[in-house]
Chemist: 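Below is a structure I'd like to ask you about.
The shown structure was predicted, so the numbers you read here are calculated from the model rather than taken from an experiment. Side chains are part of it too, since the values below use all heavy atoms of this structure and drop only hydrogens, waters and symmetry mates.
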Amino acid sequence: DSPGPLNVLEIGGGLGEVAASATSALIKLGFEVSWQILELSPELARAQRARCEGLPVSVKLGNALTDPWPSTAYDLIVANEMMGDLPSAELTHAQVGLDDDSLIGAAHRAHLAELGPIGEMINRYTIPLGDAPDPFWLNVGPISLIERINDHLDDTGVAVLTEFGEMSRWPVVSTHLDHPELSIHFGHLMTVARELNLNPELVYVMELIDLNREAEGLQTTRSFFRALTAMLEDAGISLTKVGYTRAMFEELTAALRGTFGDVRYAPIEDRLMGLVPHEFKALLLKQRPEPDPS
């Protein structure tokens, strides 16, 4: 009997580029695929449906943290650079009892419980707070996402969650895009995953996608990029907001003569379009196998 299609859920599908390219690649490899996108934005959902037309991709509007997911068990769950947009909580030492030496053990847990769901979450997973700055951010949305992934990941499935952050650095607000995002404390997420009986593994996205670290990319500031965009528009060339390698930019501007001022290139692993690629990690989650009763 056929094992059935590869059942995939992508949480927050962007413009549909990941779904379209991944589904096409899997089909070429001989897989039967059912790729589902759970999307919060109606505008992005329209873009996803248009880009994935003709492919076995379906799009459902919904909130990944509160609404029902399209299916109950997935072979693959993908959350690509969306966790930084999920809700987080800003807390103080006083709120979590870090400034009161008398709050230890059961007394500290009782104090945290008074915070409501966030305090209960800290207690449930024994999230370490001792090195927290004051105030500090807690990635409550990403933690809730892992809880839901645990409920929907097939026994042999894998979840891939990518975002920028570090193993032990507390979340910081970043404005590298057009809107603020919060980095991820991956150490906390791995603690939660283990408490849920998942097997977590943290890898660099550069390694996961086999990024060519020697490739050079166009180095720009925001003001330089805006000026370069305006100048190229006058020449009839549209500069898309993507990370340009040297080859891509030279091909784009091949028809122009002259220079563009101080155009610089540097290895893309160091910095590209205001991003630092080595800050982006992938958290891989698998169900922990049941122990052999024998």
Chemist: Which pairs count as salt bridge (Lys or Arg N to Asp or Glu O under 4.0 Å) when at least one residue sits in residues 57-79, sequence neighbours excluded?
Modeler: none

Chemist: State, with a plain yes or no, whether a side-chain heavy atom of Ile184 is found less than 4.5 Å away from one of Pro171.
Modeler: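 Result no, sub-4.5 Å side-chain heavy-atom pair not found.
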
Chemist: Judged by atom type as modelled, is there a donor-acceptor pair below 3.5 Å linking the side chain of Ser183 to the main-chain atoms of Val172?
Modeler: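 Between the backbone of Val172 and the side chain of Ser183 there is a qualifying donor-acceptor contact (under 3.5 Å).
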
Chemist: Output side-chain donor-acceptor pairs under 3.5 Å for residues 187-197, partner residues at least two apart or in another chain, one line each.
Modeler:
| from | atom 1 | to | atom 2 | distance (Å) |
| --- | --- | --- | --- | --- |
| His188 | NE2 | Pro128 | O | 3.4 |
| Thr191 | OG1 | Gly187 | O | 3.0 |
| Asn197 | OD1 | Arg288 | NH1 | 3.2 |

Chemist: Can you list every pair that meets side chain to side chain donor-acceptor pair (under 3.5 Å) and has a residue in residues 4-31, with sequence neighbours left out?
Modeler: Glu10-Trp35

Chemist: Hey, is CZ on Arg264 packed in by over 12 heavy atoms from elsewhere, all under 6.0 Å?
Modeler: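 It does not: Arg264 CZ has 12 such atoms or fewer within range.
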
Chemist: Identify every side-chain donor-acceptor pair in residues 98-116 under 3.5 Å, counting partners at least two apart or on other chains, and give the distances.
Modeler:
| from | atom 1 | to | atom 2 | distance (Å) |
| --- | --- | --- | --- | --- |
| Asp100 | OD1 | Ser102 | N | 3.0 |
| Asp100 | OD1 | Ser102 | OG | 2.6 |
| Asp100 | OD2 | Ser102 | OG | 3.4 |
| His108 | NE2 | Val96 | O | 2.7 |
| His111 | NE2 | Gln95 | O | 2.9 |
| His111 | NE2 | Gly97 | N | 3.4 |

Chemist: List the atom of Leu198, the atom of Pro200, and the distance in Å for their closest heavy-atom pair.
Modeler: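 Residues Leu198 and Pro200, closest heavy atoms: O-CD, 3.2 Å.
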
Chemist: Using side chain to side chain contact (heavy atoms under 4.5 Å, CB included) as the criterion, list what pairs up with Glu233, not counting sequence neighbours.
Modeler: Thr229

Chemist: My understanding is that only residues two or more places apart in sequence, or in another chain, count here; which of them pass ring pair (Phe, Tyr, Trp, His ring centres under 6.0 Å) with Tyr125?
Modeler: none

Chemist: Is it the case that atom CD in Glu250 sees more than 12 heavy atoms from other parts of the structure closer than 6.0 Å?
Modeler: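 Count over threshold, so yes.
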
Chemist: Mind checking whether Glu181 and Glu81 have side chains closer than 4.5 Å, heavy atoms only?
Modeler: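 In short, these two side chains do not touch, never coming nearer than 4.5 Å.
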
Chemist: Measuring from atom CZ of Arg226 to atom NZ of Lys241, what distance do you get when rounded to the nearest 0.5 angstrom?
Modeler: 9.0 Å

Chemist: Within this structure, what is the CD-CZ distance for the pair Glu216 and Phe249, rounded to the nearest 0.5 Å?
Modeler: 13.5 Å

Chemist: Under 4.5 Å between any side-chain heavy atoms of Val140 and Met121, yes or no?
Modeler: yes

Chemist: Check whether Met83 and Trp69 end up in the same hydrophobic cluster, where Ile, Leu, Val, Met, Phe, Trp and Tyr are linked by side-chain heavy atoms less than 4.5 Å apart.
Modeler: yes

Chemist: Suppose we screen for ring pair (Phe, Tyr, Trp, His ring centres under 6.0 Å). Which residues come up paired with His93, at least two apart in sequence or across chains?
Modeler: none

Chemist: Is there a path of hydrophobic side-chain contacts, each under 4.5 Å between heavy atoms of I/L/V/M/F/W/Y residues, joining Val160 to Ile146?
Modeler: no

Chemist: Do the ring planes of Trp170 and Phe136 sit parallel (below 30°), tilted (30 to 60°) or perpendicular (above 60°)?
Modeler: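 Answer is perpendicular, since the angle exceeds 60°.
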
Chemist: Can you tell whether the side chains of Glu166 and Lys281 come within less than 4.0 Å, N to carboxylate O?
Modeler: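 Yes, Glu166 and Lys281 are salt-bridged.
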
Chemist: Is any side-chain heavy atom of Phe164 less than 4.5 Å from a side-chain heavy atom of Leu182?
Modeler: no

Chemist: Mind checking side-chain hydrogen bond (donor to acceptor under 3.5 Å, both in side chains) for Trp137 and listing every partner two or more places apart, or none if nothing turns up?
Modeler: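 For Trp137, no residue satisfies side-chain hydrogen bond (donor to acceptor under 3.5 Å, both in side chains) once neighbours in sequence are set aside.
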
Chemist: Please round to the nearest 0.5 Å and tell me the distance separating atom CD1 of Ile118 and atom CD1 of Ile122.
Modeler: 7.5 Å

Chemist: Once rounded to the nearest 0.5 Å, what's the spacing between atom CG of Leu9 and atom OG of Ser58?
Modeler: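 Spacing of CG (Leu9) from OG (Ser58) equals 9.0 Å.
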
Chemist: Does Gln219 use its side chain to pair, donor to acceptor, with the backbone of Gly217 at less than 3.5 Å?
Modeler: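 Yes, the answer is positive, given that a donor and an acceptor are paired below the 3.5 Å cut-off.
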
Chemist: Considering all heavy atoms of both residues, which atom of Leu153 and which atom of Ile77 are nearest to each other, and what is their separation?
Modeler: CD1-CD1, 4.0 Å

Chemist: Using a 4.5 Å cut-off on heavy atoms from C-beta on, say whether the side chain of Ile27 contacts that of Phe31.
Modeler: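 No; the side chains remain at least 4.5 Å from each other.
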
Chemist: Using the rule that Ile, Leu, Val, Met, Phe, Trp and Tyr join whenever any side-chain heavy atoms are under 4.5 Å apart, tell me whether Ile127 and Ile149 fall into a single cluster.
Modeler: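 Linked within one cluster.
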
Chemist: Tell me, which pairs form a salt bridge (Lys or Arg N to Asp or Glu O under 4.0 Å) where one or both residues lie in residues 147-162, sequence neighbours left out?
Modeler: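 Pairs touching residues 147-162 that pass the test: Arg124-Glu147.
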
Chemist: Would you compute the distance between atom CZ of Phe280 and atom OG1 of Thr162 and round it to the nearest 0.5 angstrom?
Modeler: 8.0 Å

Chemist: Is Ile209 linked to Ile268 within one hydrophobic cluster, defined over Ile, Leu, Val, Met, Phe, Trp and Tyr using a side-chain heavy-atom separation of less than 4.5 Å?
Modeler: yes

Chemist: Among the clusters formed by ILVMFWY side chains lying less than 4.5 Å apart, do Val8 and Tyr74 turn up in the same one?
Modeler: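 Per the 4.5 Å side-chain linkage, Val8 and Tyr74 are not co-clustered.
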
Chemist: Can you check side-chain contact (heavy atoms from CB on, under 4.5 Å) on Leu228 and Leu218, steps first, answer last?
Modeler: CA-CA 11 Å; Leu228 186 60; Leu218 181 66; 4.1 Å; yes

Chemist: Run Glu201 and Val203 through side-chain contact (heavy atoms from CB on, under 4.5 Å) and show every step you take.
Modeler: CA-CA 7 Å; Glu201 180 183 1; Val203 300; 3.7 Å; yes

Chemist: Kindly give the heavy-atom pair with the smallest separation between Gln36 and Pro70, and that separation in Å.
Modeler: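 Looking at all heavy atoms of both residues, the closest pair is OE1-CB, 3.2 Å.
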
Chemist: Report the C-alpha separation of Ser71 and His152 in whole Å, then their side-chain angles, then the decisive distance to 0.1 Å, and conclude whether the side-chain contact (heavy atoms from CB on, under 4.5 Å) test is met.
Modeler: CA-CA 8 Å; Ser71 298; His152 292 80; over 6 Å; no

Chemist: Determine which pairs satisfy salt bridge (Lys or Arg N to Asp or Glu O under 4.0 Å) with at least one residue from residues 132-142, sequence neighbours left out, and list them in order.
Modeler: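 Counting only pairs at least two positions apart or across chains, no salt bridge (Lys or Arg N to Asp or Glu O under 4.0 Å) contact touches residues 132-142.
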
Chemist: Within this structure, what is the CG-CG distance for the pair Asn80 and Leu161, rounded to the nearest 0.5 Å?
Modeler: 9.5 Å

Chemist: Can you confirm whether Tyr265 is buried at OH, in the sense that more than 12 heavy atoms of other residues, nucleotides or ligands lie under 6.0 Å from that atom?
Modeler: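 Correct, the count exceeds 12.
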
Chemist: In chain order, what residues pass the side chain to side chain contact (heavy atoms under 4.5 Å, CB included) check against Leu65, with sequence neighbours excluded?
Modeler: Asn63, Leu86, Pro87, Ser144, Leu145

Chemist: Is the backbone of Met248 close enough, under 3.5 Å, to the side chain of Thr245 for a donor and an acceptor to pair up by distance?
Modeler: yes

Chemist: Does some side-chain heavy atom of Thr220 sit less than 4.5 Å from a side-chain heavy atom of Tyr244?
Modeler: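 Not in contact.
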
Chemist: Tabulate below the donor-acceptor pairs under 3.5 Å that side-chain atoms of residues 38-54 make, not counting sequence neighbours, or state none.
Modeler:
| from | atom 1 | to | atom 2 | distance (Å) |
| --- | --- | --- | --- | --- |
| Glu39 | OE1 | Gly13 | N | 2.9 |
| Glu39 | OE1 | Gln48 | NE2 | 2.8 |
| Glu39 | OE2 | Ser41 | N | 3.0 |
| Ser41 | OG | Glu43 | N | 3.4 |
| Ser41 | OG | Leu44 | N | 3.2 |
| Gln48 | NE2 | Gly14 | O | 2.9 |
| Arg49 | NH2 | Val59 | O | 3.2 |
| Arg51 | NE | Leu15 | O | 2.9 |

Chemist: In the structure I gave you, are the side-chain heavy atoms of Ile11 and Val78 within less than 4.5 Å of one another anywhere?
Modeler: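 No; the side chains remain at least 4.5 Å from each other.
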
